[in-house]
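One structure is given here, and the rest of the page talks about it.
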Amino acid sequence: MKHSDGRNTLVIVDDEAHVLHALVRLFNKDGYRIHTFTSPLDAIDFLRSEPAGVIIADQCMPQMEGSLLLKKVNEYQPHIVNIILSGLSDRAVDGLESIKLNSYCTIGKPWDNDSLRRTVAEGFEQYANTK
């Protein structure tokens, strides 16, 4: 099986299936190769062998917080662009901003569809510029 170079691969990790479905519907029209995971550990296993340009991770998940997931993924995919989705208060989201990872961005839940699509498109542009 031929692996992608990651330039068009979007990984979404959220423990809530309805959130994953909503995000897949949102991004389907953008032509990305979308891989979704309800388990951060499954996402890590996938990303050990498959490059991705952008990862969106929920911050509050039972197995592992999104920020820790991104930290682990960045160990072997240092150019992946990281986006955290968080339902936390604005103040808590501001605190997450200080956990700077590679191209780290925090988006509040509920998100604005147009803004999130723009953020992901910009993330793929940034990823392409690092390759």
Side-chain angles (χ1 to χ4, degrees):
M1 177 173 114
K2 184 178 182 236
H3 292 286
S4 86
D5 65 1
R7 291 178 196 263
N8 204 31
T9 301
L10 172 62
V11 172
I12 307 171
V13 188
D14 196 303
D15 60 307
E16 297 181 51
H18 71 278
V19 172
L20 292 177
H21 293 301
L23 290 170
V24 167
R25 278 193 311 273
L26 177 64
F27 292 113
N28 259 341
K29 56 187 147 203
D30 296 325
Y32 303 127
R33 290 180 60 231
I34 302 170
H35 298 274
T36 61
F37 300 91
T38 55
S39 162
L41 300 176
D42 291 344
I44 288 170
D45 286 343
F46 173 79
L47 289 165
R48 281 199 173 110
S49 61
E50 185 74 28
V54 175
I55 181 171
I56 300 173
D58 183 28
Q59 174 60 16
C60 298
M61 295 182 283
Q63 284 183 318
M64 175 185 305
E65 288 188 343
S67 53
L68 180 57
L69 165 66
L70 297 180
K71 185 176 180 183
K72 289 180 178 294
V73 168
N74 276 259
E75 290 173 7
Y76 45 89
Q77 289 211 38
H79 299 293
I80 195 169
V81 176
N82 306 288
I83 299 171
I84 283 278
L85 281 180
S86 178
L88 300 174
S89 70
D90 289 344
R91 185 174 177 165
V93 170
D94 289 344
L96 287 174
E97 290 287 3
S98 67
I99 312 171
K100 293 294 182 193
L101 296 169
N102 181 52
S103 309
Y104 186 84
C105 173
T106 303
I107 305 278
K109 285 182 179 178
W111 60 84
D112 174 77
N113 284 345
D114 293 335
S115 176
L116 183 56
R117 285 181 67 213
R118 255 191 323 275
T119 299
V120 168
E122 290 167 2
F124 276 109
E125 287 175 22
Q126 184 164 339
Y127 178 81
N129 290 333
T130 65
K131 298 312 251 173

Subject >> Reported OG-to-CG distance for the pair Ser39 and Asp14, which is rounded to 0.5 angstrom >> reply: 12.0 Å

Return all side-chain donor-acceptor pairs below 3.5 angstrom for residues 25-32, not counting sequence neighbours, or 'none' if the list is empty.
unit_1 : atom_1 : unit_2 : atom_2 : d
Asp30  : OD1    : Arg117 : NE     : 3.4
Asp30  : OD1    : Arg117 : NH2    : 2.5
Asp30  : OD2    : Arg117 : NE     : 3.0

Original post:
Between Tyr127 and Pro51, what is the shortest heavy-atom contact and its length?
Top reply: OH-CB, 4.3 Å

Subject >> Candidate pair Lys109 and Trp111, rule side-chain contact (heavy atoms from CB on, under 4.5 Å), full reasoning >> reply: CA-CA 5 Å; Lys109 285 182 179 178; Trp111 60 84; 4.1 Å; yes

Subject >> Distance-minimising heavy-atom pair for Glu16 and His18 >> reply: OE1-CE1, 2.7 Å

Subject >> Ile84 and its side chain to side chain contact (heavy atoms under 4.5 Å, CB included) partner, picked from Ile56, Thr106, Leu69, Ile107 >> reply: Thr106

Original post:
Do any N or O atoms from the side chain of Gln77 and from the backbone of Leu47 form a donor-acceptor pair under 3.5 angstrom?
Top reply: yes

**OP:** Identify the heavy atoms of Ala57 and Gly66 that sit nearest to each other, and give their distance.
**Re:** CB-CA, 4.2 Å

Subject >> Residues Leu116, Leu23; criterion side-chain contact (heavy atoms from CB on, under 4.5 Å); working and verdict >> reply: CA-CA 10 Å; Leu116 183 56; Leu23 290 170; 3.6 Å; yes

**OP:** State, yes or no, whether a side-chain contact exists between Tyr76 and Ile44 at a heavy-atom distance under 4.5 Å.
**Re:** yes

Original post:
Which of these passes side chain to side chain contact (heavy atoms under 4.5 Å, CB included) with Ile55: Thr9, Val13, Ile83?
Top reply: Val13

Original post:
If you look at every heavy atom in Pro62 and Asp15, which pair is closest and at what distance?
Top reply: CD-OD2, 3.4 Å

Original post:
Between the main-chain N or O of Ser67 and the side-chain N or O of Gln59, is there a donor-acceptor pair closer than 3.5 Å?
Top reply: yes

Original post:
Just how far is it from atom CG of Leu70 to atom CD1 of Ile80, taken to the nearest 0.5 Å?
Top reply: 8.0 Å

**OP:** Could you tell me the separation between the CG atom of Leu68 and the CD atom of Gln63, rounded to the nearest 0.5 Å?
**Re:** 11.5 Å

**OP:** Hey, could you give me the NE2/CD distance between His79 and Gln126, rounded to the nearest 0.5 Å?
**Re:** 11.5 Å

Original post:
To the nearest 0.5 Å, how far apart are CD1 in Ile12 and NE2 in His21?
Top reply: 11.5 Å

Original post:
Yes or no on side-chain contact (heavy atoms from CB on, under 4.5 Å) for Phe124 and Arg7, after CA distance, side-chain angles and deciding distance?
Top reply: CA-CA 7 Å; Phe124 276 109; Arg7 291 178 196 263; 5.7 Å; no

Original post:
Are Val19 and Asp58 side-chain neighbours, meaning at least one heavy-atom pair lies under 4.5 Å?
Top reply: no

